[in-house]
2 protein chains.
Amino acid sequence: MDTGDDELLDAAFLALADPVRRRIISRLSRGPATVNELAEPFAITKQAVSKHIQVLEQAQLVTRTRDAQRRPVHLNPARLEALTAWIDQYRLVREGQFRSLDAVLQSRAAASGTQAKDPS
Amino acid sequence: MDTGDDELLDAAFLALADPVRRRIISRLSRGPATVNELAEPFAITKQAVSKHIQVLEQAQLVTRTRDAQRRPVHLNPARLEALTAWIDQYRLVREGQFRSLDAVLQSRAAASGTQAKDPS
DNA sequence: GCCTTAAACAACCAATAGGTTGATAAAGCA
DNA sequence: TGCTTTATCAACCTATTGGTTGTTTAAGGC
């Protein structure tokens with residue numbers, strides 16, 4: 001019953017476990033940006049920022065498009081939702097003191113359009 | 001304006017970036033358990049599981065209590081909420097296509113009782 | 001064509017994460 | 001007291017992260 005998106009959860013949570021990457025997410029929530037723009041506020045090299053973006057991209061939290069020699073990075077909100085969906089399973093179970101897990105998952109799926117899957 | 005809970009977010013997201021630790025969270029959502037009980041379904045040593053629990057404890061996602069020679073581990077749902085709060089900031093901003101960030105944070109704070117803080 | 005800019009690729013390095021085995025501590029039970 | 005159970009501590013090994021510098025590719029501007 002376990003799905004193969006374990007690695008995607010791994011990658012997504014790992015991607016957010018770094019303040020630089022979280023600030024990149026924060027910046028991208030206000031619109032797309034290039035690597036140079038994203039690197040500017042940090043005291044690390046652009047190569048390092050580029051690697052951070054690769055990590056975010058691998059987790060599918062961001063996507064890169066091509067615009068001439070620019071390569072703007074865009075946020076992918078759908079993946080962020082997948083994370084809250086995972087967390088909320090357990091959070092809601094505790095809050096509701098054992099009202100059915102199925103009910104919780106189904107209400108979440110209905111609200112967000114996300115597939116209700118088996119937790120890992 | 002930046003708060004010092006950056007490390008707590010680091011620790012919490014890192015803690016969830018591992019399938020073993022996510023399964024431990026899943027198990028604990030059904031009630032407290034000892035290290036031995038938690039280790040049973042895994043093909044790794046108890047020492048390794050103990051280390052995983054240390055990681056979760058450092059992130060304040062779980063707490064340990066003392067009960068004779070047992071040391072039951074309990075879930076701490078409040079910390080899970082802090083993670084969804086962080087993610088939802090940016091998720092909601094995108095969905096609302098730039099309705100005020102302040103409004104979003106305040107509505108979240110009102111709904112969950114969480115303090116509306118400056119994102120890192 | 002040549003130069004500049006944007007960004008990726010490659011090799012390398014130090015620090016840490018996840019795992020192991022072995023020893024130790026603390027609490028109950030005989 | 002001595003034995004068993006529960007769980008941690010300590011040392012060690014290997015793979016991976018996060019960072020660096022240096023080189024290369026790709027697209028425009030002149």
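The figures that follow rest on heavy atoms only: side chains count, while hydrogens, waters and symmetry mates do not. In what follows, every chain begins at residue 1, and chains take the letters A, B, ... in the order their sequences are listed.
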To the nearest Å, give me how far apart [atom1] ([X]) and [atom2] ([N]) are.
{"X": "B:R71", "N": "C:dA26", "atom1": "CZ", "atom2": "P", "value": "9 Å"}
{"X": "B:Q58", "N": "C:dT16", "atom1": "CD", "atom2": "C1'", "value": "12 Å"}
{"X": "B:D67", "N": "C:dA26", "atom1": "CG", "atom2": "C1'", "value": "13 Å"}
{"X": "A:D10", "N": "C:dG18", "atom1": "CG", "atom2": "C1'", "value": "13 Å"}
{"X": "A:R70", "N": "C:dT5", "atom1": "CZ", "atom2": "P", "value": "12 Å"}
{"X": "B:Q69", "N": "C:dC29", "atom1": "CD", "atom2": "C1'", "value": "10 Å"}

Kindly say whether A:E37 contributes a backbone atom to a donor-acceptor pair with the side chain of A:R27 at under 3.5 angstrom? no
Side chains of A:N36 and A:R70: does their closest heavy-atom pair fall under 4.5 Å? no
Check whether any side-chain heavy atom of B:Y90 sits under 4.5 Å from a side-chain heavy atom of A:L28, and report yes or no. no
Under a 4.0 Å heavy-atom cut-off, which of residues 36-51 of chain A touch DNA chain C? A:N36, A:Q47, A:S50, A:K51
Which distance, rounded to the nearest 0.5 Å, do you find between the [atom1] of [X] and the [atom2] of [Y]?
{"X": "B:R30", "Y": "B:L75", "atom1": "CZ", "atom2": "CG", "answer": "11.5 Å"}
{"X": "B:R71", "Y": "B:T34", "atom1": "CZ", "atom2": "OG1", "answer": "11.0 Å"}
{"X": "A:R79", "Y": "A:L9", "atom1": "CZ", "atom2": "CG", "answer": "7.0 Å"}

Using heavy atoms to find the nearest nucleotide of DNA chain D for B:Q54 and A:D18 separately, return the residue whose nucleotide is more 5′. B:Q54
Any side-chain N or O of B:H52 below 4.0 angstrom from OP1/OP2 of C:dG19? yes
Whether B:R21 contacts C:dG18 is assessed here as follows: a side-chain N or O lying under 4.0 Å from the phosphate OP1 or OP2. Is that the case? yes
hydrophobic_cluster_shared for B:L16 and B:L14, side chain cutoff 4.5 Å: no
Considering only distance and modelled atom types, tabulate donor-acceptor pairs under 3.5 Å from the side chains of residues 49-64 of chain A, sequence neighbours left out.
from: A:H52; atom 1: ND1; to: A:R21; atom 2: NH1; distance (Å): 3.1
from: A:E57; atom 1: OE1; to: A:R64; atom 2: NH1; distance (Å): 2.5

Along DNA chain D, first and last positions that approach a heavy atom of chain B under 4.0 Å: D:dT6 to D:dA11
Check step by step if side chain to side chain contact (heavy atoms under 4.5 Å, CB included) holds for B:W86 and A:L83. CA-CA 11 Å; B:W86 188 90; A:L83 300 187; over 6 Å; no
